[in-house]
Amino acid sequence: MTSIRHFIESWRDRFKEAGIDDARLNAELLLAHALGVGRNDVALRLDESLSDVTLKAANALCERRLKHEPVDYIIGRREFFGREFHVEPGVLIPRPETELIIELVRKLQPDLAGRAADVGSGSGALAVTLAVEFPALQVLATDLHPTPLKVTRGNAERHGVASRVFCARMDGLSAGASGFDLVVSNPPYVTPEEYPDLQAEVRDHEPKEALVGGPDGLAVALRVLTQVAERLKPGGYLLMEHGMQQGNALREAALTAGFAEVRTERDYAGRDRILVARA
Ligand code: GLN
């Protein structure tokens, strides 16, 4: 019989050998998922034995992780701004730095109501969180691909805001109406040169179209910026995530596009990360 302790420790070692970060945490999360319990339950039941059925299922999950599939895809969820979002291959896994966009909106527009858009919604982390945080807000979530729109819709339902989150398939905000009070976006912004060096988890499993932003990594962001400049209400904000070396270029482009005030916010590591542009 295999105990929970033995399972966790042996997978921890195999994960470590494969260069996987947070090896023990990963083993615990995957076993907890196979058992249908929380991670704490697993950590508290180390001496219990695993049934053959559970062991087989949990081993299969760990084998996937060993091939560097992101743990969030395997368990099908990721936390964003304190809430759980379903994620699956085809949508970018929300990153902690993207939460900054929500924090900034809360500071800049604490009474935000009216209409917002999330350009390139992915899992819907931004669109759905905005709808939950601002109960008088209607949010248009756009994406070029069907999987993100399906996942966004599901997450909107899960968080009880499906009646205020509208999903539409389009390129950026190309077919969107105008008069938005806020537009947020986490466009692809990695350069083709950086792409091969991304972690295997990201490069081999997350959608390339959500990562690589054209030849210089900036093409998509610049297109979004220009589209949004024409569609915000005067005084409305664009908050867009970008690469750490793209702050200058995007501030300049935003001024050229006609934004009135432009600045760059840094992420938790002190790197330029978010363009804040006021129409
Ligand atoms: N920060 C992401 C990463 O490198 C990139 C996200 C994006 O291109 N929007 O993992």
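Both backbone and side-chain heavy atoms feed into the values below; hydrogens, waters and symmetry mates do not. One-based numbering, in listed order, for ligands and for the atoms of each.
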Option among Arg115, Lys233, Arg231 that satisfies the salt bridge (Lys or Arg N to Asp or Glu O under 4.0 Å) test with Asp181 |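 The salt bridge (Lys or Arg N to Asp or Glu O under 4.0 Å) with Asp181 is passed solely by Lys233 among Arg115, Lys233, Arg231.
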Residue among Arg65, Arg45, Arg39 satisfying salt bridge (Lys or Arg N to Asp or Glu O under 4.0 Å) with Glu28 |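 Between Glu28 and the candidates, salt bridge (Lys or Arg N to Asp or Glu O under 4.0 Å) is satisfied uniquely by Arg39.
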Protein contact of atom 1 (N) of ligand 1 - nearest heavy atom, named by residue and atom, plus distance |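 Here the closest protein heavy atom is Tyr189 OH, 3.1 Å.
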State yes or no: do Leu104 and Val224 share one hydrophobic cluster built from I, L, V, M, F, W and Y residues joined by side-chain heavy-atom distances below 4.5 Å, directly or via other members?
->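 Different hydrophobic clusters.
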The one among Met244, His242, Arg95 that brings a heavy atom closest to atom 10 (O) of ligand 1 =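 Comparing heavy atoms across Met244, His242, Arg95, the nearest one to atom 10 (O) of ligand 1 lies in Arg95.
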Can you figure out which of Leu92, Val190, Val220, Asp267 has its heavy atom closest to atom 4 (O) of ligand 1?
->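 Closest candidate by heavy-atom distance is Val190.
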Any non-hydrogen atom of [X] lying under 4.0 Å from ligand 1?
X	answer
Pro187	yes
Glu97	yes
Gly243	no

For Pro188, take its heavy atoms, then give the atoms of ligand 1 lying under 4.0 Å from any of them.
->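 Near Pro188, meaning under 4.0 Å from one of its heavy atoms, ligand 1 has 8 (O).
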Ala210 neighbourhood, listing ligand 1 atoms whose heavy-atom distance to it stays under 4.0 Å |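 Checking each atom against Ala210, I get 7 (C), 8 (O), 9 (N).
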Test Asp143 against every option in Val91, Asp118, Leu149 by the side-chain contact (heavy atoms from CB on, under 4.5 Å) rule and name the one that passes.
->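 Answer to the side-chain contact (heavy atoms from CB on, under 4.5 Å) test with Asp143 among Val91, Asp118, Leu149: Leu149.
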Between Thr152 and Ser121, is any side-chain donor less than 3.5 angstrom from a side-chain acceptor?
->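 The criterion, which ignores hydrogens and geometry beyond distance, is satisfied for Ser121 and Thr152.
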Please collect all ring-ring contact (aromatic ring centres under 6.0 Å, His included) contacts where either partner lies in residues 110-169, sequence neighbours excluded, each pair once.
->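 Qualifying pairs: Phe85-His159.
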